[in-house]
Amino acid sequence: MIKEITAKYNAEQIEKKVTQFWEDSDAYRKTREHRKTGKRLFFVDGPPYTTGHIHLGTAWNKIIKDSILRYYSMNNRNILERPGWDMHGLPIEVRVEGLLGFKSKKDIESFGVENFIEKCKEFALTQKQAMTEQFQKLGVWMQWEEPYMTLKDDYIEAAWWTLKQAQEKDLLDVGKRVVNWCPRCETAIADSEVEYADRTDPSIYVKFKVKGEENTFIVIWTTTPWTIPSNIAVAVHPSFEYAKFRAIRQDGKEEILIAATTLIENVIRKGRYTNYEILETMLGEDVAGLEYESPLADLIPRQAEFKHNVYEAEYVTAENTGCVHIAPGHGMDDFNVGVKNSLPIFCPVGPNGSYTEEAGKYAGMNIRDANAVVIEDLLERDRLLAEGTVTHRYGHCWRCKTPIIYLATEQWFLKITDLKEKMLEEIDSVDWYPDWAGSARFRTWVEGARDWCISRQRYWGIPIPVWKCRKCGKLEVIGTKAELLEKAGIENDIELHRPYVDKVTIPCECGGEKKRVEDVFDVWFDSAVASWATLKYPQTQDQFDEWWPADFITEGHDQTRGWFYSQLGASMVGFGRAPYKSVLMHGFTLDAGGKKMSKSLGNVISPLEIIDRFGADTLRAYVLSASAPWDDLKFNLEEIETVHRSINILWNVFRFPLPYMALDKFDPMKVSLDSVKDALREEDRWILSRAQSVVKAVDEAMSGYLLHKAVREILEFALEDLSRWYIQLIRPRTWTEADDPDKLAAYCVLYEVYVTITKLISPFMPYLAEEMYQNLIRNVDPKANESVHMSDWPKVNETYLDPELEAAMSTARSIVEAASNARQKAGRKLRWPISRIVVSPESEAAAKAVDRLRSVLMDQTNSKAIVLTGVGQSWDELGLEVIPDPGKIGPVFKKDAGKVIPALQKVEGFALKKAFAENGEFELLLADGTTVTVTPGMANYKETLPEGTASAESDAGLVYVDANLTPELEAEGYSREVIRRLQDMRKELDLIVDENIRASVWIEDKRVLALVETLKDLIAEEVRADVFNIGSGTEVSGALVKDWDVEGIAMKMGIAKK
RNA sequence: GGGCCCGUAGCUUAGCUUGGUGGAGCGCACGGCUGAUAACCGUGAGGUCCUGCGUUCGAAUCGCAGCGGGCCCA
């Protein structure tokens, strides 16, 4: 049986109860089981990094995933969706280092790599546990018991397998490259790990002495003085114009400089030269070839050995001097120029950011400290043209915030550039939501992609499975643990982490011994293999064949360069195709001011805080409805409160009929909607139609992942159609005590609509839906599915759809609003009945709507009659006032105009209009008895309302309210006032709804008393008074006695329990 | 500096694809209802549609340039 619920919406209580129910009933597992025969849907969860706490962005991400998967499940999809955890990498190493108080790699080595790895593992697992609980609080249904974890051996094997594929397909490369390097972490870091922030650096102009030309210098600019010791070349743009010019120094000396012609002024100003004279101009391609001397050759023995020349490079821009300092060991572009021209890749800087022995004088010095020394040395040698500082965007290590440097080091690469063509083709075969996420954003990113540096010189990561012979240098890539054990001849199992795998050696054919290269993978490579690792591939084949590739993934737009990309790259290597079929790209959560949330700004909002205050359903409904998924979400607490209020209304809607249904023992299993068909009113048919329209709209929204539209549609239906309209309309029907078919029809319709809405909200507000479902459905139908989430998604029932009725009702609502507006103008409150409402319909459809919904209109406007005029015709009781137009009258009647105007004003408008229509003119009698002829242009008209009426506009046309009172109306009005106050007093005494009372009312005013007395019985019945006395001499008594002022009439009332 | 997205009332937003008098919700003010009641409903005020230029008879909508915000890159 349906149970009455009395409490107001209490999210905490509901969610706690439902969580327990899900757990006890094993609802998640049963739901997946229930869909085992459905069409497969493979979803891959983008693994959050195990930081230990979820934030609003990760919460939004999981809520989107959960809502979509619940929707798919109800649409009979057989879903596979293991949650994932990204557990390796520098962030955890940095956190653990912090916990242990370590400063550098040396501390780790002395602590012992094994100890360190164990700490990292423990840390990651602890954080995972905490985050799992947080995600579960959001109501997210995933296989939490069996997530995929990047630190597991089988996961590591998936990465190994992929690398082996790369090697077999000649997509693996090793070699010296310039990489982003963190001198603190002493490792290469990926482009995606570089964080840009403002930084102030030196800005220097340096003169390189041209060989064989007296007193001639080529001028370069740099923000990294420490790279001058590594200078090998200068680059110029082949088609820029350069000039050789004589510059006069402040000390009177002259020197001959070379720079881009357009930048001479800049060089002169920066170098504080007093004057200059252009000697010669030439194209960059002619400058190329020039030889110059390193300014620090005397301090760095190796520099004296190098030849230094000028080369062409297209990337040179017309800034500073137009001549670019090239240190192939310290810059990406520099490196490329170096390789192209076979220059030495001179890199005299070690992993910790200090110069090596090759740096001569600077050996052992930290590069940041070296800046000042280099500047000093340049100054001493008169090679420093200018010195200053510049604030610019500079890359930093994303974890430890140390400014990065560029170093040429030996690294491992995936040859993405070889795969690019095919990758771009694959992008087109994927469905992107929104479309531009793929066609514009991701495509641009892939087009510009370079080879992917996948090696890191760290500890906590997937070890790169490459073994190298110490003797002959032969490389061997290992694809699985079994392969490693076999080749190494080891019998007992080992863990695939450092330092355990580092100890494994493989005998080489040459008689030597192969040892593992020390690097670990970039963490982005970990998550890149998630789609097959989670299917236990390559260990098993069946699952992979059945499920791969993923049908759907969804992540934030930062993942364009991240997971969308890394997965595509790795999958191209492994399988030559994209690992996903459709991608929804969602936005970022920002604070209320539109700024991103960050710890340093102190504007971070915890999703758990929101859940504690409002519940998970509110948080879910808010983040889903607040903006389109791909737009950024400006978090706004007021909006959360609004959503919470909306859900509270939904709750009230839901609980409103329950006491009546319970009282009447209404059993929806016994009374079908079909059986009450004949008792259905228009409003019943209307709400049934609306419910179907909403299902349709939600389906349409979901087909394009427009989650915001789906949720808004549902909440709007609950608020506008159910709460503000349908419930209001049927209230009197539910109060009927008899077993009335009219009431039963309302119950059946409500029940039908509630069942539908319960299912509609379940993907988005899973807790509330479950609570409603258990009471509404499981309580009456023991055979029903155990959980709402096992239900089938509602199918649109076309027989209920009636678009014409929906339009008519919308017209009717507009009329009711207009009537209420007009009432306000007429000063007549809704409690007082009015004799009639007059509608002047604009169209045939409006007239039909009024006719069809006449009883609804009478009811909601509290009027005794609804009068329709003809279509397009105004109300025939309106007066028509004539407004003379002095501008037309003046020129014709000159000085008599003053008499014509007041006379014309007095003419009755309809008569004047009629005369004009019939004769084209009108004989106007003036005050002095004379007559003049007026013509149509001289008069304008204004409709006037009869006494006691007011009008307002509606969609249907003008609506008039006749607020004139008759004794009958007045009697009813005053009686309603009395009833309302007695009800109020009942409430004050906290009486039960059906408890009977004794009541007495004293009214001094004889006329009002007489009016109210005519409805004495009605009043007594409404307030459930068995004994009811009323009069001017009545003694008022009871448990509660109050004085009232009713529209200026003094009354005294008293009530008591019987 | 580049790519993509966003900019509409105090706040959150719809409308933009396909040009034709900008529509909601919250908040505010006033009023109503009182058998959902610490709930609910109505009415009203409130807009340089980021700025400028262009296309057009007509631009929130299309184009260009700029400004501000976000993500990503250099």
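All values reported here derive from a predicted model rather than from experimental measurement. Labels below follow one simple rule: chain letters A, B, ... track the order of the sequence lines, proteins then strands, and each chain is numbered from 1.
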> Whole-Å distance between B:rC4 C1' and A:Trp432 CH2?
13 Å

> Expressed in angstrom and rounded to an integer, what is the separation of A:Leu706 atom CG from B:rU17 atom P?
17 Å

> Could you give the NE2-to-P distance, from A:His644 to B:rA39, as a whole number of Å?
13 Å

> Mind checking who B:rG1 pairs with, Watson-Crick or G-U wobble, both distances under 3.5 Å?
B:rC73

> Does this structure show an ion pair linking A:Glu447 with A:Arg443, if we count only N-O contacts that are shorter than 4.0 Å?
yes

> Considering only B:rU13, B:rC33, B:rG70, which nucleotide approaches the side chain of A:Leu590 most closely?
B:rG70

> If you check the A:Ala440 side chain, which of B:rU12, B:rG42, B:rC4 turns out closest?
B:rC4

> Check whether any side-chain N or O of A:Lys709 sits under 4.0 Å from OP1 or OP2 of B:rU13, and answer yes or no.
no

> Pick base, sugar-phosphate or nothing for A:Glu1022, based on heavy-atom distances below 4.0 Å to the nucleic acid.
base

> If the C1' atom of B:rA74 is compared with that of B:rA9, how far apart are they to the nearest Å?
40 Å

> Is there a donor on the side chain of A:Glu639 or the base of B:rG25 sitting less than 3.5 Å from an acceptor on the other?
yes

> Quote, to the nearest angstrom, the P distance that separates B:rC49 from B:rC62.
16 Å

> Roughly how many Å apart are B:rA45 and B:rC40, using the C1' atom of each and rounding to a whole number?
23 Å

> According to a strict under-4.0 Å criterion, is A:Arg655 in side-chain N/O contact with OP1 or OP2 of B:rU37?
yes

> Please measure how far the C1' atom in B:rU61 lies from the corresponding atom in B:rG23, and state the result in whole Å.
15 Å

> Quick one: look up who B:rG68 pairs with, Watson-Crick or G-U, both distances under 3.5 Å, and put none if it's unpaired.
B:rC6

> Check whether any side-chain nitrogen or oxygen of A:Arg441 sits under 4.0 Å from OP1 or OP2 of B:rG3, and answer yes or no.
no

> Less than 4.0 Å between a side-chain N and a carboxylate O, is that true for A:Glu700 and A:Lys709?
no

> B:rC26, B:rU34, B:rC5: which one has an atom nearest the side-chain heavy atoms of A:Trp436?
B:rC5

> Begin from the C-alpha positions of A:Tyr565 and A:Trp445 and carry the test ring-ring contact (aromatic ring centres under 6.0 Å, His included) through to its verdict.
CA-CA 9 Å; A:Tyr565 173 70; A:Trp445 166 253; 5.6 Å; yes

> Describe the nucleic acid contact of A:Gln728 in one word from base, sugar-phosphate, nothing, applying a heavy-atom distance below 4.0 Å.
base

> Name the nucleic acid region contacted by A:Gln983, choosing base, sugar-phosphate or nothing; use a 4.0 angstrom heavy-atom cut-off, strictly under.
base

> Test A:Trp60 against A:His586 for ring-ring contact (aromatic ring centres under 6.0 Å, His included), laying out the working first.
CA-CA 9 Å; A:Trp60 186 21; A:His586 68 73; 5.4 Å; yes

> Looking at A:Arg976 and A:Glu1022, is any side-chain nitrogen of the basic one under 4.0 Å from a carboxylate oxygen of the acidic one?
yes

> Partner of B:rG63 by Watson-Crick or G-U wobble geometry, both contacts under 3.5 Å, or none?
B:rC53

> Check every strand shown and say whether A:Ala437 touches a base, only sugar-phosphate, or nothing at a heavy-atom separation below 4.0 Å.
nothing

> Report yes or no: do A:His708 and A:Ser627 form a side-chain donor-acceptor pair below 3.5 Å?
no

> Please work out which of the three classes, parallel, tilted or perpendicular, describes the rings of A:Trp432 and A:Phe564, given edges at 30° and 60°.
perpendicular

> Give, for atom OG1 of A:Thr734 and atom OH of A:Tyr747, the distance between the pair rounded to the nearest 0.5 Å.
6.0 Å

> With sugar-phosphate meaning primed atoms plus P, OP1 and OP2, does A:Ile727 contact a base, only sugar-phosphate, or nothing at under 4.0 Å between heavy atoms?
base

> Just to confirm, is there a sub-4.0 Å distance from OP1 or OP2 of B:rA74 to any side-chain nitrogen or oxygen of A:Arg450?
yes

> Using a heavy-atom cut-off of under 4.0 Å over every strand shown, decide if A:Thr444 touches base, sugar-phosphate, or nothing.
sugar-phosphate

> Looking for any heavy atom pair under 4.0 Å, which part of the strands does A:Ser646 touch: base, sugar-phosphate only, or nothing?
nothing

> With rounding to whole Å, what would you report as the distance between B:rC5 and B:rU48 at their P atoms?
27 Å

> Counting the atoms with a prime plus P, OP1 and OP2 as sugar-phosphate, which does A:Val816 contact under 4.0 Å by heavy atoms, base, sugar-phosphate, or nothing?
nothing

> Taking only the P atom of each, what is the distance from B:rU51 to B:rG7 in whole angstrom?
13 Å

> Taking atom P of B:rG31 as reference, at what distance in whole Å does atom CZ of A:Arg823 sit?
17 Å

> Need to verify one output field. Residue with the more 5' nearest nucleotide on RNA chain B, A:His708 or A:Asn648?
A:His708

> Nearest to the side chain of A:Asp558, which nucleotide is it out of B:rC72, B:rC40, B:rU43?
B:rC72

> Which whole-number value in Å describes the distance from A:Asn180 CG to B:rA74 P?
8 Å

> Paired with B:rG23: which nucleotide, if any, by Watson-Crick or G-U wobble criteria at under 3.5 Å for both distances?
B:rU13

> Specify the separation, in whole Å, of atom CD1 of A:Ile649 and atom P of B:rA39.
10 Å

> Please check the phosphate of B:rG32 (OP1 and OP2 only) for any side-chain N or O of A:Arg980 closer than 4.0 Å.
no

> For atom C1', what is the distance between B:rA60 and B:rU18, given to the nearest Å?
15 Å

> Nearest whole angstrom, please: distance from the P of B:rU13 to the CZ of A:Arg712.
8 Å

> Classify the nucleic acid contact of A:Tyr660 as base, sugar-phosphate or nothing, counting any heavy atom under 4.0 Å across all strands shown.
sugar-phosphate

> What's the CD-P distance between A:Glu638 and B:rC28, to the nearest Å?
9 Å

> Among A:Tyr622, A:Trp651, A:Tyr9, which residue satisfies the ring pair (Phe, Tyr, Trp, His ring centres under 6.0 Å) criterion with A:His644?
A:Tyr9

> Among B:rG3, B:rC5, B:rU34, which nucleotide has an atom closest to any side-chain atom of A:Asp631?
B:rC5

> Is B:rG42 paired to anything, Watson-Crick or G-U wobble with both distances less than 3.5 Å, and if yes, which nucleotide?
B:rC30

> Both A:Leu830 and A:Trp630 contact RNA chain B. Taking the nearest nucleotide for each, which residue is further toward the 5' end?
A:Trp630

> Of all the nucleotides listed (B:rC72, B:rC40, B:rU12), which has the minimum atom distance to the side chain of A:Arg645?
B:rC40

> With rounding to the closest Å, how many angstrom separate the C1' atoms on B:rU55 and B:rA65?
15 Å

> Is there a Watson-Crick or G-U wobble partner for B:rG47 with both distances under 3.5 Å, and which nucleotide is it?
none

